[in-house]
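If you're wondering where the values come from, they're calculated on a predicted model, not measured in any experiment.
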Amino acid sequence: MRNILLILAFISVAGMGCNANGKTSEPANEETETKNVEANVEQDNEESAPEPETYYHYSDYQITLPTEKWEVDIAYSNSGIRKKGSKLEFEVKHWDSPSLEETISKYPAESRHDDIVIGDYTWKVFTDDNDYFKMCCYIYNTEKKYVVRVATDNITDPTNPDLHEVLEGVRFVD
C-alpha cells in the first residue's frame, strides 16, 4: 500500500511539470504559489460562509434578514424590525381577512403607489399622513385568507432600498 502511494505521489509531481502540450513548464515560483493558495482559501471561506440571518417563523409567514444589519423583535401579534445604528423601524403584522381589497379599502386612491413586485409577491403600497404609519405595504395569502402588512413611520418613498430589503425578507410558509 505504501509503495502504491509513493508511485501515485511521484506521478502527480511529474505531471505538474508538464502542460497540456507535453512541454515542461517553467519552475514554479514558491512565493506566488503560496499567495495563490491563500487567496483561494480566503475566497472559498467568503463564499462558503453565508451571512448570518435573523429568522422569525410565525405559523403562516417568516422573516429572514441579515443579522449584521437588522434586529427582529417578536411579539404575540406582530414583529418589530429595526435597522441597527439607525432609527429606522418596521412593524410586521398579520390578520385574517376575506380579501385584500377589503383590507386596503380604507386608503384613498391618491395614497396608492405603484405595486412593489419582489419574486412571487406583489406588495400593495400606500402612504397616509393621517395614519400612525406613514407607509404600509400589504400582501395577501389567498389560500389561508390572511393579510401580512409591513408598515413604517420612517419612510415615505416606496423606492427606498431598506424597505425593499425588508419586503424581500417576508415570505409565506406552507
Side-chain angles (χ1 to χ4, degrees), residues 35-174:
K35 287 180 182 175
N36 288 341
V37 168
E38 289 172 358
N40 287 340
V41 168
E42 284 180 27
Q43 185 178 4
D44 289 344
N45 285 340
E46 289 174 8
E47 291 174 6
S48 63
E51 190 173 325
E53 296 179 330
T54 294
Y55 178 77
Y56 168 64
H57 179 89
Y58 193 75
S59 63
D60 295 321
Y61 70 93
Q62 68 185 27
I63 302 169
T64 309
L65 293 165
T67 57
E68 70 181 31
K69 192 174 180 181
W70 299 98
E71 294 176 323
V72 177
D73 291 330
I74 302 164
Y76 178 72
S77 64
N78 62 3
S79 301
I81 299 174
R82 267 190 276 336
K83 184 175 182 183
K84 294 179 179 179
S86 78
K87 295 184 181 198
L88 184 57
E89 294 183 354
F90 296 89
E91 179 189 76
V92 181
K93 188 171 178 86
H94 70 283
W95 60 89
D96 293 333
S97 179
S99 71
L100 179 60
E101 289 71 30
E102 182 178 301
T103 300
I104 62 177
S105 66
K106 72 176 189 168
Y107 293 101
E110 60 272 7
S111 71
R112 176 117 190 234
H113 294 274
D114 290 338
D115 293 344
I116 297 175
V117 178
I118 298 176
D120 295 335
Y121 301 97
T122 300
W123 292 86
K124 304 296 181 187
V125 183
F126 300 89
T127 53
D128 188 356
D129 291 330
N130 299 321
D131 198 3
Y132 175 76
F133 295 109
K134 301 298 180 210
M135 179 166 283
C136 295
C137 305
Y138 297 87
I139 54 175
Y140 187 71
N141 186 319
T142 56
E143 290 177 20
K144 297 182 180 179
K145 300 210 179 291
Y146 74 92
V147 173
V148 173
R149 180 197 68 201
V150 174
T152 183
D153 61 342
N154 303 99
I155 294 175
T156 57
D157 178 8
T159 64
N160 181 290
D162 290 322
L163 172 66
H164 283 251
E165 187 172 9
V166 169
L167 295 180
E168 188 175 324
V170 177
R171 295 278 177 258
F172 293 127
V173 294
D174 295 327

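Distance OG1/T159 to CG/D114: 10.5 Å, rounded to 0.5 Å. K83 NZ to L65 CG: the interatomic distance, rounded to the nearest 0.5 Å, is 11.5 Å. Considering CG of D73 and CD of E91, their distance stands at 12.0 Å, rounded to 0.5 Å. Annotation: the span from D153 atom CG to D128 atom CG amounts to 12.5 Å, rounded to 0.5 Å. Rounding to the nearest 0.5 Å gives a distance of 11.5 Å between CD1 of I104 and SG of C137. From E165, atom CD reaches atom CD1 of I118 across 10.0 Å, with rounding to the nearest 0.5 Å.
For Y140 (side chain) and S97 (main-chain N/O), a donor-acceptor pair under 3.5 Å exists by modelled atom type. The backbone N or O of E89 lies less than 3.5 Å from a partner atom in the side chain of N154, making a donor-acceptor pair.
For the pair V148/V92, a side-chain contact is recorded, criterion being any heavy-atom separation below 4.5 Å from C-beta on. Considering only heavy atoms from C-beta on, Y61 stays 4.5 Å or farther from I139 through its side chain. Within the 4.5 Å cutoff, no side-chain heavy atoms of K84 are placed close to those of E68. Residues D162 and T152 fail the side-chain proximity criterion, which asks for heavy atoms closer than 4.5 Å. Within the 4.5 Å cutoff, the side chain of H113 has heavy atoms near those of the T127 side chain. When side chains are defined from C-beta on, Y121 does not count as touching L167, because their heavy atoms never get closer than 4.5 Å. Two residues are said to be in side-chain contact when any heavy atoms from C-beta on lie closer than 4.5 Å; K144 and F172 fail this criterion. Side-chain contact between F133 and R149 is present, with at least one heavy-atom pair separated by less than 4.5 Å.
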Checklist line | Chi angles and distances behind the side-chain contact (heavy atoms from CB on, under 4.5 Å) call for V170, W123 | finding: CA-CA 11 Å; V170 177; W123 292 86; 4.0 Å; yes
Practice item. Begin from the C-alpha positions of V150 and I81 and carry the test side-chain contact (heavy atoms from CB on, under 4.5 Å) through to its verdict. Key: CA-CA 10 Å; V150 174; I81 299 174; 5.9 Å; no
*Give the intermediate values and the outcome of side-chain contact (heavy atoms from CB on, under 4.5 Å) for residues K124 and L100.*
CA-CA 9 Å; K124 304 296 181 187; L100 179 60; 3.6 Å; yes
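Contact record, P158 with V125: CB-CG1, 4.1 Å, taken as the closest heavy-atom pair. Heavy-atom minimum distance, I155 versus M135: O-CB, 3.3 Å. Between E143 and N141 the shortest heavy-atom distance is N-OD1, 3.0 Å.
Aromatic ring pairs are classed by plane angle as parallel below 30°, tilted from 30° to 60° and perpendicular above 60°; the pair Y107 and F126 is parallel.
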